[in-house]
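These notes are about the structure you will find just below.
If you're wondering where the values come from, they're calculated on a predicted model, not measured in any experiment. Side-chain atoms are counted along with the backbone in the values below, which use heavy atoms only and exclude waters and symmetry mates. Just so it is clear: chains get the letters A, B, ... in the order the sequence lines come, proteins before strands, and each one is counted from 1.
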Number of protein chains: 2
Amino acid sequence: MFTFDQLAGFIAVAEELHFGRAAERLNMTQPPLSRQIQKLEKAVGAELLERDNRKVQLTAAGRAFLDEARRLMALASRAPVTARRIASGRSGLLRIGFTAASGFSILGPLLEEITATLPDVDIDLQELVTGEQIAGLLSGELDLGLARPPFDNEIFDSHLLYREAMVLAVPSGHPLAGLNRDITEKDLRDAPLIMHSSTQARYFYDLVVRMIPIQHSNVVHTVSQILTMVSLVAAKRGVAFVPHSATLLGVHGVEFLPLESSVNDPVELHAIWTRTITNPALALALRTLDFQEN
Amino acid sequence: MFTFDQLAGFIAVAEELHFGRAAERLNMTQPPLSRQIQKLEKAVGAELLERDNRKVQLTAAGRAFLDEARRLMALASRAPVTARRIASGRSGLLRIGFTAASGFSILGPLLEEITATLPDVDIDLQELVTGEQIAGLLSGELDLGLARPPFDNEIFDSHLLYREAMVLAVPSGHPLAGLNRDITEKDLRDAPLIMHSSTQARYFYDLVVRMIPIQHSNVVHTVSQILTMVSLVAAKRGVAFVPHSATLLGVHGVEFLPLESSVNDPVELHAIWTRTITNPALALALRTLDFQEN
DNA sequence: TAAACATGATGCCCTCCGGGTATCACTCGA
DNA sequence: TCGAGTGATACCCGGAGGGCATCATGTTTA
């Protein structure tokens, strides 16, 4: 196998067609350059230059090999640059998981800020519920999640994106919509309820149960995604507790009513990521977004 | 700058994710391999592998650099192969000049033989009169010519392709066409004549003058290309002496009549090339065509 | 919980590769 | 015919890189 030095030497001689001048260009003397070319020709197995004690010219094989040599040198000089770009985080891939509701609120501005500052970072997006995001982050299939609590603060670092109110989704024209006041526990005593899964959507389930004593006999559906809930409300299957950002989903035939609540804006959305960051693009993105100091 | 050995080492470690096994695969011991990778990382300017005293894994930059490294190695191993193919003549470029008439006779079979034996040799074809071919061969713009004498036998080597008769081209329905015998000098005493240029088509000019005493007052046109002559005959501008292969040009409105001649088939076509062959593809083609021994 | 094991990094030695200087061999032009 | 120009060769020397022995550290096992 030949070396990059030999290739550089050959290119110089091929361009100068003169060993002395080529050696000067390479900041070396002529003899080692001669031997370099000899070694290269031996390694390639073909005569590349025709030397005539008076002039030097390329052989047919030499012309072809010159092309390849230039290609090799170009590739070799580009490779470290791209590697460094990726190591520094200015280039690379960021895999982001997000919930359906966050997709309509915070995701857009967030992506805009990332792409404006880090234009060479590719972004993979996946709509996932919080549980799937946590699994993805742990397995390394995801770099960043936009998810709800709870998550293990030993493993994950996080940044609170926003808090929002819980509202009641009802079909258009529902009697409760005419009340023009905050909905209370009593209003819901006999309403058919579309409820969050206590396992898949634990966060919402717990929140609702803390806010309002539920008549479990009223529950007609148990689902895990906000979008599914709103769709079922639109289909007049019942009413549902959803975060305020669900109003942005744009589903027709649904109205959103305020709820009487002791806590202001109890629903949280966090950006979360594993504390052991291996993706430089993530590190840089977190700094860009001011989620992390240093 | 890094070396190919470092690249090969990195690829091995990246594939094995284990320094010991990678070293074994490379027929070396583990310590120098470790240092090779360190040198490579220093040269690249980025950490490529994350070592953990227990396991090895690629960094984001390492994954990207692995692609480039594989590309480099592939290119580096292909380059000598193509160079050798060209040096051996099995691949490359052959630039052939030919006269219009030879294009309709010998050129086809000749090309067929070359491409059948040397399928990877590209062929450039140019229709040129003998003088232009000789200039092209001398300047190195042409490798092989299909031309007429004379040419300098000191400079050019040659191979006689064929000899052919001279015939008289006359417009269809010309009185001479009805004679049904060889045409003699006397038949042409008053015929308007389309004659070869004494400079551009010296060979034909001399041949004709040797065969038949020309009435120079009868010459109505002086041209250098056979195809032009036949076209002018078709346009009834006169009669012309052309080689037998001109019958293959397929020009309508022209008949070809035999000439009384002392010499059988006086018109020669040669393959010619400079004695100093630099194009390996030419050397191999000449041997393939049996134009040259060894 | 301590000892054996596994694995990458480091220290040291030695060989060989590659660069430098001096010189040769060959050709061309005055 | 001789000197200038140019690529190849001889010889020397320093440094790069490989091998062996060993260290540092984390994991497995008894």
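Counting only heavy atoms from C-beta on, B:Pro31 has its side chain closest to C:dA9 among D:dT9, C:dG8, C:dA9. The side chain of B:Phe19 lies closest to C:dG8 when the candidates are C:dG11, D:dT9, C:dG8. When distances run from any side-chain atom of A:Asp5 to the nucleotides C:dT7, C:dC12, C:dG19, the shortest one goes to C:dG19. For A:Gln6, whose side chain is taken as the heavy atoms from C-beta onward, the closest listed nucleotide among C:dG19, C:dG18, D:dG19 is C:dG18.
Atoms CD (B:Gln57) and P (C:dT7) sit 16 Å apart, rounded to a whole Å. Atom CD in A:Glu41 sits roughly 13 Å away from atom P in D:dG7 (whole-Å rounding). Rounded to an integer number of Å, the gap from A:Arg21 CZ to D:dG7 C1' is 13 Å. Remark: P of C:dA9 and CD1 of B:Ile37 are 9 Å apart, rounded to the nearest angstrom. Atom-to-atom, CZ of A:Arg35 to P of D:dT6 comes out at 20 Å; the value is rounded to the nearest Å. One interatomic measurement links the two molecules: CE of A:Met28 to C1' of C:dT21, which rounds to 14 Å at whole-angstrom precision. One can place CD of A:Glu24 at 14 Å from C1' of D:dT6, the figure rounded to the nearest angstrom. The nearest whole Å value for the distance from the CG atom in A:Leu33 to the P atom in D:dT6 is 14 Å.
Phosphate contact (OP1/OP2 of C:dG20, side-chain N/O of A:Thr29, threshold under 4.0 Å): present. In this structure, B:Gln38 reaches the C:dT10 phosphate: one of its side-chain N or O atoms is under 4.0 Å from OP1 or OP2. For B:Lys39 and D:dA16, the shortest distance from a side-chain N or O to OP1 or OP2 is not below 4.0 Å. The phosphate of C:dG19 has OP1 or OP2 within less than 4.0 Å of a side-chain N or O from A:Gln36. At the phosphate of D:dA8, OP1 or OP2 sits under 4.0 Å from a side-chain N or O atom of A:Arg51.
Evaluation of the side chain to side chain donor-acceptor pair (under 3.5 Å) rule for B:Ser197 yields B:Thr199 as partners, not counting sequence neighbours.
For the side-chain contact (heavy atoms from CB on, under 4.5 Å) with B:Leu128, the qualifying choice from B:Leu146, B:Ile96, B:Leu142 is B:Leu142, the only one to do so.
A:Tyr203 places a side-chain N or O within 3.5 Å of a backbone atom of A:Glu268 that can act as its donor or acceptor partner.
Counting only heavy atoms from C-beta outward, the side chains of A:Leu161 and A:Phe291 approach each other to under 4.5 Å.
Here B:Phe156 and B:His270 keep their ring centres 6.0 angstrom or further from each other.
Comparing B:Lys55 and A:Pro32 against DNA chain C, the residue whose closest nucleotide sits nearer the 5' end is B:Lys55.
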